[in-house]
Q: 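Can you keep this structure in mind? I'll have questions shortly.
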Amino acid sequence: MTTAPLLAARGVSKAFFGNPVLRDVSIALQPGRVHALLGENGAGKSTLINLLSGALRPDSGTIEVDGRAVARMTPALARQAGIAVVQQELSLTASLSIAENIGIGAYPKRFGLVDYKELAARAKAACKLVGLDEPLSTPVGNLSLGRRQMVEIAKALYRRPRVLILDEPTSSLSATETKILTDLLGRLRGEGVAILYISHRLNEVMALCQHVTVLKDGTRTADRSLEGTDATGLVRLMVGRDPGDLFPKWQPSASPGAAISVRGFSAGLMHDVELDIRTGEVLGIGGLVGQGQEDLLLGLYGAIPARTASATVNGVSGLPGNVPKANALGLAYVPADRKREGLHLIHPIITNMMLPAFARLPSLKLRSRKAEGEKGRGLAAQLSIKGDLQRPAQALSGGNQQKVALAKWMPHDPLVLLLNDPTRGVDVETKREIYLMLRAFAAAGKAVVLLSSDTPELVHLCDRVAVVREGRVVRMLERAALSEEAIVSAAMGAERRKVAA
Amino acid sequence: MTAWTDSAGGRRARAILTSRPFLTLAIVVAVWIAASFASRGFGAYGHLRYLVELGAVIGLVAAGQTFVVIAGGIDLSVAAIVTVSAISLPLLSWQADPTGLASVLAVLALTTAIGVINGLGVALLRVHPMIMTLAMATFLQGLLIIIAGGSAVTAENLLVHWLGNARPAGIPAGILLWIAVSVLVLTLMHATPFGARIFAMGANPLAASLSGVPITSTTLAVYGISGFTAGLAGVLVLGMNGQGYVGIGDPYLLASIAAVVLGGTSILGGLGTYAGTIPGAILLVTITALITVVNASPGWRSILFGSLILGLLLLSGRERARR
Amino acid sequence: SQANAAAKCVKGDRKAPYTIGWANIYSVPTWMKQTQGTIEAEVEALKKQGLVDKLVVTDAQGDANVQIQQIQSMIDSNVDAIILIAGSSTAPARVIADACAKGIAIINFDSLVDTDQVTAKVNTDSSQWGDQAAKFLIDAIGGKGKILILNGPAGVSVSDDRRKGADAELKAHPDVKILAETNTPYNVAPAQEAVTSLLFANPEIDGILSLGGALSAGAVLALDKQGRDQVPITGENARQFLELWKEKGLKSWATMQPNWLGAFATYTAVQALEGKDVPAFVKIPLPVIDNSNIDQYLARAKDFPADGYIYSPYDEELFKKLLAQK
Amino acid sequence: MSIIPSARADGALYWQVQARRNIGVRSLFLVVLAFLIAYAVLFPGLFTVSGFAKFTQSWFPLALVAMAQAILMLTGGISLAIGATVSLGAVIAATTMAGPLGVPGGAAAVALAGLGIGAATGFIVVRLRLPAIVVTLAGSFIIGGAALLVLPRPGGAVPAWLSDLLAGDTPAAFVLLMAIVLLWKLYLATPLGLSLYAAGENPVGAYRSGVPVDAARVAAYAISGLLSTGAGLFVAAQTGSGDPVIGNAFTLNSIAAAVLGGIGFLGGQGTMRGALAGSLLLSLMISVMFFLGFTPVAQYVAQGLIIIGAVAIPQFRKVQQ
Ligand SMILES: Nc1ncnc2c1ncn2[C@@H]1O[C@H](COP(=O)(O)OP(=O)(O)OP(=O)(O)O)[C@@H](O)[C@H]1O
Ligand SMILES: Nc1ncnc2c1ncn2[C@@H]1O[C@H](COP(=O)(O)OP(=O)(O)OP(=O)(O)O)[C@@H](O)[C@H]1O
Ligand SMILES: [Mg+2]
Ligand SMILES: [Mg+2]
């Protein structure tokens with residue numbers, strides 16, 4: 001390619017409080033190319049895009065637009081240069097409508113006022129591209145995580161970018177929505193847009209990208225065309241050694257006993273659910289984003305009001321009425337939105353890890369910092385969370401935050417783990433560790449309920465998958481019948497019917 | 001937070017030296033020294049002791065306020081609770097109670113109950129803390145109309161009198177009380193699971209609740225504590241003035257909030273320590289005393305007071321970024 | 001005024017029994033509660049005579065703006081008379097003028113409004129208060145010395161008037177040196193705190209000119225607690241102060257804002273409605289409490305709240321006499 | 001980028017967004033409506049021009065300070081200096097308008113003082129990153145002190161014609177309030193105004209999206225200051241004079257009105273119409289309780305119950321759904 005890159009970083013370095021996060025990293029985004037940025041959690045990917053988009057300034061090195069160095073990159077300059085970034089649900093305002101969120105920072109104006117007419121037209125066009133059909137006046141706060149992600153993408157498209165940077169755009173999207181996005185990116189590429197794509201889902205990267213830059217511990221370890229590389233090769237580039245299989249070998253461990261059994265269960269969007277969760281199994285919950293799956297978990301966990309005709313939880317009849325009761329019955333829940341529901345970002349990592357313990361211990365028992373420290377270090381080692389545990393959790397990269405959200409339940413040895421997209425934004429190596437943990441957990445005779453938007457995960461990890469559509473469990477796929485197609489078609493059933501009608 | 005790292009001693013010392021509580025304390029000392037140069041009597045031992053004794057009242061009210069603020073709320077009823085405590089204590093004295101302990105305990109039970117009702121409103125009715133406690137303050141005003149002036153019994157309570165006037169070993173009893181309460185509060189806050197739950201609840205109630213923190217009972221406890229410490233402050237201030245009156249608690253509402261924030265506790269909840277509130281309270285009474293001895297018109301004095309708080313805040317009060 | 005002229009505002013179209021509105025600024029403090037007591041007692045008496053039908057009480061919770069709204073409501077509900085302690089010396093002036101125009105008798109007492117659109121104003125003379133207090137104190141310290149001055153809150157007319165009243169005497173005695181002045185609410189604790197700080201800053205103090213009863217009590221407590229000798233001090237009829245005066249054997253002088261101003265205002269309102277002419281300003285002579293009569297006051301202390309004010313006795317004869325003065 | 005089609009313009013979006021915003025405050029509206037009806041039944045004179053005028057005049061200053069507080073809370077700020085700023089506005093008006101500056105000059109002085117104080121406060125809070133609650137607490141002493149310097153005791157005067165114009169027997173206050181609400185709507189329809197919400201709820205994300213976060217917040221403080229001194233000017237006109245402590249009670253009342261109206265403390269939550277309804281409820285409550293003949297004790301208790309009820313009942317319904 002002879003043209004100058006639309007956007008490039010040349011030898012940039014960045015340190016936070018003296019800890020180097022990026023060292024002498026270069027990257028060049030060419031028009032009409034989807035460029036993958038890969039690396040383990042905490043490798044520095046988000047930091048690099050923050051430098052590229054002017055949200056942060058490099059300690060050294062330069063940012064170039066159209067081959068010319070920019071003295072001081074700012075979000076405003078980036079916008080003028082046609083650079084749009086899809087942050088991970090970070091930049092939305094819950095109380096503003098979809099349209100107002102999409103246009104923010106770049107509203108069309110008329111007589112100094114926001115031109116709602118024009119805004120509606122342009123926002124609608126952007127929404128259409130990503131398949132968002134909610135009314136434009138819907139407050140973003142009413143949307144599920146996955147839909148918000150789509151708004152975030154529509155927001156970037158609205159700006160008609162020349163350079164589009166996406167930081168893990170698919171981490172909370174189901175297969176169907178991912179497909180919409182990948183098709184879209186393909187078309188944008190055809191239009192000559194330069195795209196930088198960060199994802200931990202390597203099959204997507206393989207299908208979509210032409211070029212890859214790999215970061216490891218803040219240094220660039222590879223920058224090459226993707227041609228002739230396979231997923232294994234990619235992982236090798238990232239972790240520097242031969243990867244094993246991502247998914248552990250499946251071995252049946254389910255027993256006939258039910259850990260949780262509900263009849264006529266209703267909670268939130270879910271209604272009339274009959275469900276048996278067996279001890280020793282990993283039960284997957286699949287379906288399109290936002291069909292009520294989350295309410296199923298929350299209802300079982302006592303976090304939202306639920307009704308049942310009858311229920312047994314670990315031998316006790318009736319559902320737990322609140323979270324402490326659920327914990328006492330051996331239930332644990334790991335939320336999907338780790339920033340809002342899973343973690344206390346401003347608190348030290350170790351405090352986050354200890355919280356379930358604090359919730360259960362006698363209120364006035366004296367704490368032992370030493371014992372906490374030891375336990376915390378043990379957990380950190382188990383899940384390879386690096387660094388000082390006294391740092392606030394917000395200093396961790398997204399994937400590592402996810403690990404903390406999971407780790408805090410480990411010491412309690414729960415009988416039933418309710419997991420809401422636990423590998424969202426987690427790098428492959430950690431995913432593998434988590435998968436191993438889950439299977440081992442099941443093998444030890446406990447139950448795992450795995451709600452996931454990552455269909456391969458459901459297929460390879462689960463004993464059974466319950467597919468949810470419009471608040472009901474529409475299909476229960478046994479292990480033998482599990483395949484991506486089966487899950488997707490069960491999930492899409494409603495759409496098909498509509499089309500047929 | 002910084003004061004409790006379990007890493008090496010040197011780092012720990014540095015953490016303490018750069019911590020907000022220590023910074024606030026350093027400011028207090030600096031103001032004391034500067035003021036003593038300006039006015040000889042200001043730095044006299046007796047005066048400083050008196051300032052700390054005054055600080056004890058604010059400090060007690062602010063103890064509960066610190067809990068509430070860290071838990072993500074705010075208590076606007078503390079002033080009314082202080083008044084209710086000081087006014088109702090003489091009403092609750094009995095012949096069969098020569099030390100006065102029983103009436104003090106009865107009053108503390110009453111004010112704690114008031115706090116718990118605040119907690120009920122916040123946790124169960126889900127009324128915003130500011131509204132709930134403001135409404136409670138309004139209720140208590142109504143209550144005061146009924147009970148105030150009704151009794152002509154002066155506080156002939158030995159314990160209360162002792163608290164307000166005795167000086168065992170030369171230290172005013174009020175200061176001793178404050179020290180005892182401070183030790184308890186700091187322990188509760190930083191060395192028990194209960195304390196940890198409060199921080200978690202304040203930083204992110206949703207995540208705390210999903211982690212199994214019992215939100216309702218913790219909220220009740222937090223507001224109950226605030227009612228308790230405000231009641232205790234009412235008892236102390238009654239002893240120091242020999243007499244309760246309607247309005248005796250009024251100065252302590254804004255003072256308690258200011259002490260909490262000057263001490264580095266985030267008004268947004270989830271971060272902070274009572275260790276900062278303590279010097280924060282002393283700082284406030286110090287500034288007030290300083291303004292009193294300055295000869296200026298009321299307008300200028302008010303301006304000076306505000307400017308001093310603002311200036312000290314500039315030295316110590318940066319909010320950390322969050323979210 | 002004309003021979004048979006009714007009082008100002010009163011048009012003569014209102015018939016007994018009357019509805020009286022009592023526009024209080026803040027009913028929680030004990031002084032107010034005592035005042036309310038005298039008003040209620042008076043209303044009871046007038047009810048027996050068939051002159052009053054009912055008493056409507058509002059409490060503005062200390063907010064002068066709310067008081068305006070409540071007076072407006074009284075106008076809207078067409079009460080016959082409004083008795084009023086003003087939350088601000090200026091704020092209610094216009095709404096009062098409206099009430100006056102509607103023929104409602106308005107008796108303003110204690111805290112006065114700067115308007116003449118009222119039937120009558122009833123009060124002691126704040127500036128005389130300051131003047132007499134200063135006279136006593138200067139006399140008590142022998143015409144020279146160092147003094148503290150304790151004022152009520154800043155920006156409020158009453159405290160400003162009392163202070164201004166003291167000015168002439170103080171100017172006339174250049175040997176009396178003002179060490180410092182304070183402005184605090186009329187409460188014991190803040191006064192005690194302020195005086196304590198001033199004691200440390202000023203080793204020599206010869207007298208304290210206190211322009212409010214609770215302030216005096218706070219000052220005495222401060223001196224006592226810091227082990228300093230008591231000094232001559234002026235004051236008011238607050239029970240706590242009078243008891244301290246006796247207990248510590250103070251050299252002191254006090255006056256009062258009698259709570260029965262409320263009862264008197266009620267009485268005056270009805271008199272005006274009944275067609276009697278009433279003076280536009282009824283000046284209540286300042287009762288003086290000194291060592292000669294303090295025991296008489298303290299003898300009645302049990303009848304008053306511990307944090308209240310021991311006011312002088314009153315009866316209808318007194319009211320008649322006060323109304324008769326021109 | 002041609003693949004983004006230009007769809008047909010949807011002119012209704014603005015109104016749909018506006019309608020959505022009613023959802024959160026619907027039940028408060030019902031409570032306020034109930035009180036309005038009760039008031040009208042108790043006092044039929046409300047329907048006369050002068051009855052309506054007087055009623056809106058009582059509400060007007062509280063409505064302004066509720067707006068002044070709400071706009072700050074929307075950006076995640078708060079002010080404890082509202083009351084002092086009202087007082088300052090009142091004394092400036094009462095000392096300038098009857099003098100050589102005249103009404104226009106006095107009004108300009110009031111407006112400048114409000115904007116200036118607000119902008120300075122905003123600058124300190126936003127740029128120096130200090131907690132708003134203590135900055136404004138300190139500010140309340142400074143501003144209150146300044147008011148005492150301007151007018152050490154109640155006094156001053158506002159020309160009678162201005163008093164009659166703003167607070168006479170015509171509903172001028174209501175018209176003015178509607179005009180201010182309209183201006184607010186216009187402001188919210190500007191990019192800077194709409195940024196308030198984003199700057200309050202998610203400042204980091206908003207900054208990255210190109211929102212002038214700091215400017216939006218400082219502007220909010222300036223507008224808040226303007227509304228507060230404006231309320232002071234009105235109070236001066238309503239009372240015909242100035243009082244350096246007249247505004248004190250507005251600080252807590254403004255917060256109560258805003259929170260009652262559903263404005264959240266973390267920024268970005270709530271609507272101005274809610275805050276206005278909250279202030280109306282607070283104001284109505286006083287008159288309704290008067291006409292119901294409540295004694296002071298009952299007034300205090302009822303006031304507490306009404307405030308809690310107005311917040312709790314909608315919450316309860318939400319939970320039950
Ligand atoms: N503002 C900051 N202050 C301190 N440390 C930071 C900050 N931002 C990032 N870091 C650290 O920099 C490192 C790189 O973080 P970054 O978010 O760039 O990782 P990432 O590659 O995006 O990881 P992930 O795949 O988990 O999203 C992490 O170790 C993180 O802890
Ligand atoms: N106050 C802070 N202290 C330390 N690090 C911070 C702070 N605020 C943000 N960061 C860092 O800024 C980076 C960007 O934030 P962001 O939330 O986009 O993280 P992320 O790694 O992309 O998470 P996700 O994968 O969930 O998108 C993160 O790596 C985070 O570590
Ligand atoms: Mg990242
Ligand atoms: Mg990430």
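A note on names: the letters A, B, ... follow the listed sequences, proteins ahead of strands, and every chain is numbered from 1.
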Q: Between D:S283 (side chain only) and D:L280 (backbone N and O only), is there a donor and an acceptor less than 3.5 Å apart?
A: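 It does not hold such a pair.
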Q: Between D:I307 and chain B, with a heavy-atom cut-off of 4.5 Å, which part of the residue counts as in contact: side chain, backbone, both or neither?
A: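 Both backbone and side chain.
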Q: Answer with side chain, backbone, both or neither: which region of B:L76 has an atom nearer than 4.5 Å to a non-hydrogen atom of chain D?
A: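 For B:L76, the side chain is the part near chain D, not the backbone.
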Q: Could you tell me which portion of D:I78 (side chain, backbone, both or neither) has an atom closer than 4.5 angstrom to a non-hydrogen atom of chain B?
A: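 D:I78 touches chain B through side-chain heavy atoms alone.
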Q: Do B:I87 and B:V246 come close enough that some side-chain heavy atom pair is under 4.5 Å?
A: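 A side-chain contact exists here, since the closest heavy-atom pair is under 4.5 Å.
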Q: Pick one of side chain, backbone, both or neither for D:I133, based on which atoms fall under 4.5 Å of a heavy atom in chain B.
A: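 The answer is the side chain of D:I133.
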Q: Short question: side chain of D:T251, backbone of D:A81 - any donor-acceptor pair under 3.5 Å?
A: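 Side chain of D:T251 to backbone of D:A81: no pair is present.
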Q: Please check if the side chain of B:Q65 supplies one atom and the backbone of B:I257 the other of a donor-acceptor pair under 3.5 Å.
A: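 Not at all, since once roles are kept as given, no pair shorter than 3.5 Å links the two residues.
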Q: Working note: B:L313 + D:V135, criterion side-chain contact (heavy atoms from CB on, under 4.5 Å); need CA distance, chi angles, decisive distance, verdict.
A: CA-CA 8 Å; B:L313 196 64; D:V135 170; 3.6 Å; yes
Q: Given B:S226, which of B:N118, B:D75, B:T111 fulfils the side chain to side chain donor-acceptor pair (under 3.5 Å) condition?
A: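 Answer after filtering B:N118, B:D75, B:T111: B:D75.
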Q: Just by distance, do the side chain of D:S224 and the backbone of D:A220 share a donor-acceptor pair under 3.5 Å?
A: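 Looks like no, no N/O pair under 3.5 Å.
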Q: Which atoms of D:I306 are under 4.5 Å from chain B, going by heavy atoms: the side chain, the backbone, both sets, or neither?
A: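 Contact with chain B: none, neither part.
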Q: In sequence, state the C-alpha distance, the side-chain angles, and the governing distance for B:T277 and B:T66, and then conclude on side-chain hydrogen bond (donor to acceptor under 3.5 Å, both in side chains).
A: CA-CA 7 Å; B:T277 307; B:T66 309; 3.1 Å; yes
Q: Just to be sure I understand the criterion: a residue of residues 284-309 of chain B counts if one of its heavy atoms is under 4.5 Å from a heavy atom of chain D. Which ones qualify?
A: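 The residues closer than 4.5 Å to chain D, in numerical order, are B:S297, B:P298, B:G299, B:W300, B:S302, B:I303, B:F305, B:G306, B:S307, B:I309.
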Q: Side chain, backbone, both or neither: which part of B:L310 has a non-hydrogen atom closer than 4.5 Å to chain D?
A: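 Its backbone and side chain both get close to chain D.
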Q: Are any non-hydrogen side-chain atoms of B:T265 and B:V261 less than 4.5 angstrom apart?
A: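 A side-chain contact under 4.5 Å is absent here.
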